[in-house]
Number of protein chains: 2
Amino acid sequence: MSSSGASGTHSRIRSDHATELAEDYVEAIAEIAESSGLCRAVDLSRHFGVSHVTVSKAIGRLVRDGYATTEPYGPIALTSKGQRVAKAAKARHEIVYQFLLALGVSEKTAQTDSEGLEHHVSQETLKAMQDFMEKEEG
Amino acid sequence: MSSSGASGTHSRIRSDHATELAEDYVEAIAEIAESSGLCRAVDLSRHFGVSHVTVSKAIGRLVRDGYATTEPYGPIALTSKGQRVAKAAKARHEIVYQFLLALGVSEKTAQTDSEGLEHHVSQETLKAMQDFMEKEEG
DNA sequence: ACCGAAGTGTAGCCGATGCTACAATTTTAA
DNA sequence: TTAAAATTGTAGCATCGGCTACACTTCGGT
Ligand SMILES: [Mn+2]
Ligand SMILES: [Mn+2]
Ligand SMILES: [Mn+2]
Ligand SMILES: [Mn+2]
């Protein structure tokens with residue numbers, strides 16, 4: 001454990017949290033657009049269980065940061081940057097989810113836990129999870 | 001993956017985030033108090049890499065919620081509730097940390113990743129991690 | 001074509017978590 | 001003892017992510 005110089009660690013956690021919501025949003029937008037042709041604010045409102053105002057403001061931040069575009073009363077589209085982030089987030093999420101299943105947890109728990117864990121897994125840990133799954137079945 | 005009815009999942013994530021900072025604070029307070037006899041705001045400021053004002057406000061919330069006590073210009077002490085939460089958080093943190101090491105991750109990465117992951121691990125997943133470690137050496 | 005329902009936008013509020021600047025207190029050292 | 005350094009408090013500000021209430025636009029059914 002040690003705990004010496006923990007401030008760098010915590011600053012990474014804070015930075016993870018700052019990008020977490022954007023990752024979940026672009027992933028959801030991509031998913032919804034793929035399954036139903038296009039993504040509307042109301043879809044995200046239902047998906048996340050928050051008000052349409054909360055979604056509207058989140059979309060505003062996504063647009064501001066170059067992840068998405070919209071027009072008044074129109075659907076939400078991802079920019080190429082948004083698509084890239086969505087793809088990466090989905091891939092990482094899927095690895096964490098499959099890893100939890102391989103560890104022996106239930107589907108329901110794997111789904112819930114992976115939604116929170118995915119944003120705090122480094123490349124090194126992700127690689128270790130993949131190695132574990134390969135060894136599992138090989 | 002499925003994604004049907006994901007709003008319950010996300011509401012748990014939001015709730016995890018709400019308790020995350022309190023958990024890290026009480027854990028740090030217990031740790032610092034044990035190693036140096038008492039915990040001051042400046043210790044937490046250095047530990048987390050944030051300003052002393054940020055610490056002061058966080059402590060105010062801890063006091064409001066019954067986790068800690070203070071007096072003006074005095075040190076910070078945990079209530080019994082705070083001690084209980086600190087102990088549980090530390091135990092869970094340690095399991096996640098050791099699990100990452102058992103997975104084959106470096107100490108540095110295990111330390112950083114476990115700091116973020118710990119708050120999103122359910123009891124079921126924690127148990128699966130322990131089972132894995134037992135099997136590892138058993 | 002119209003009217004109601006659904007979806008979206010805007011105004012205004014809140015709490016949490018971060019900051020700087022400055023004031024007050026306490027501790028340390030000369 | 002007293003002056004400087006360290007620590008803590010307070011005022012004021014910002015962003016994020018949540019909400020309700022109300023206005024506006026768009027869509028669908030008759
Ligand atoms: Mn995800
Ligand atoms: Mn997620
Ligand atoms: Mn911890
Ligand atoms: Mn933590």
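Within every chain, numbering begins at 1; the chains are lettered A, B, ... in the order of the sequence lines, protein sequences first and strands thereafter. We use all heavy atoms of the structure for the numbers below, so side chains are in, but hydrogens, waters and symmetry mates are not.
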Can you check whether [X] has a side-chain N or O nearer than 4.0 Å to OP1 or OP2 of [N]?
{"X": "Arg64(A)", "N": "dC16(D)", "answer": "yes"}
{"X": "Thr54(B)", "N": "dT17(C)", "answer": "no"}
{"X": "Ser51(A)", "N": "dG18(D)", "answer": "no"}
{"X": "Arg40(A)", "N": "dT8(C)", "answer": "yes"}
{"X": "Arg61(B)", "N": "dT17(C)", "answer": "yes"}

| query | Under 6.0 Å between the ring centres of Tyr67(B) and Tyr25(B)? | reply |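 Not close enough - the centres of the two rings lie 6.0 Å or further apart.
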| query | Does the ring center of His10(A) lie less than 6.0 Å from the ring center of His47(B)? | reply |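 Distance test on ring centres: under 6.0 Å, yes.
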| task | Starting from the 5' end of DNA chain C, give me the residue, Ser56(A) or Gly49(B), whose nearest nucleotide shows up first. | result |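 The residue mapped nearer the 5' terminus is Ser56(A).
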| query | Ion pair present between Asp113(A) and Arg12(B), side-chain N to carboxylate O less than 4.0 angstrom? | reply | yes
| Salt-bridge contact Arg92(A)-Glu23(A) (side-chain N to carboxylate O under 4.0 Å) | yes
Using the side-chain heavy atoms of [X], tell me which of these nucleotides is nearest: [options].
{"X": "Leu21(A)", "options": "dT17(C), dG17(D), dT20(C)", "result": "dG17(D)"}
{"X": "Arg14(B)", "options": "dT7(D), dG18(D), dT8(D)", "result": "dG18(D)"}
{"X": "Val53(A)", "options": "dT20(D), dG18(C), dT8(C)", "result": "dT20(D)"}

Once you round it to whole Å, what is the distance between [atom2] of [N] and [atom1] of [X]?
{"X": "His47(B)", "N": "dT7(D)", "atom1": "NE2", "atom2": "C1'", "result": "19 Å"}
{"X": "Tyr73(A)", "N": "dT10(C)", "atom1": "OH", "atom2": "P", "result": "7 Å"}
{"X": "Arg46(B)", "N": "dT8(D)", "atom1": "CZ", "atom2": "P", "result": "9 Å"}
{"X": "Lys57(A)", "N": "dC14(C)", "atom1": "NZ", "atom2": "C1'", "result": "10 Å"}
{"X": "His52(A)", "N": "dG18(D)", "atom1": "NE2", "atom2": "P", "result": "15 Å"}
{"X": "Ile59(B)", "N": "dT10(D)", "atom1": "CD1", "atom2": "C1'", "result": "17 Å"}
{"X": "Leu44(A)", "N": "dA6(C)", "atom1": "CG", "atom2": "P", "result": "19 Å"}
{"X": "Ile76(B)", "N": "dT8(D)", "atom1": "CD1", "atom2": "P", "result": "7 Å"}

| message | If you assign Ala18(A) and Val42(B) each to the DNA chain D nucleotide with the nearest heavy atom, which residue ends up on the more 5' nucleotide? | response |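 Its nearest nucleotide lies further toward 5', so the answer is Val42(B).
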| field | Same cluster (ILVMFWY, side-chain, under 4.5 Å), Tyr97(B) and Val121(A) | value |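 No: no chain of side-chain contacts under 4.5 Å links Tyr97(B) to Val121(A).
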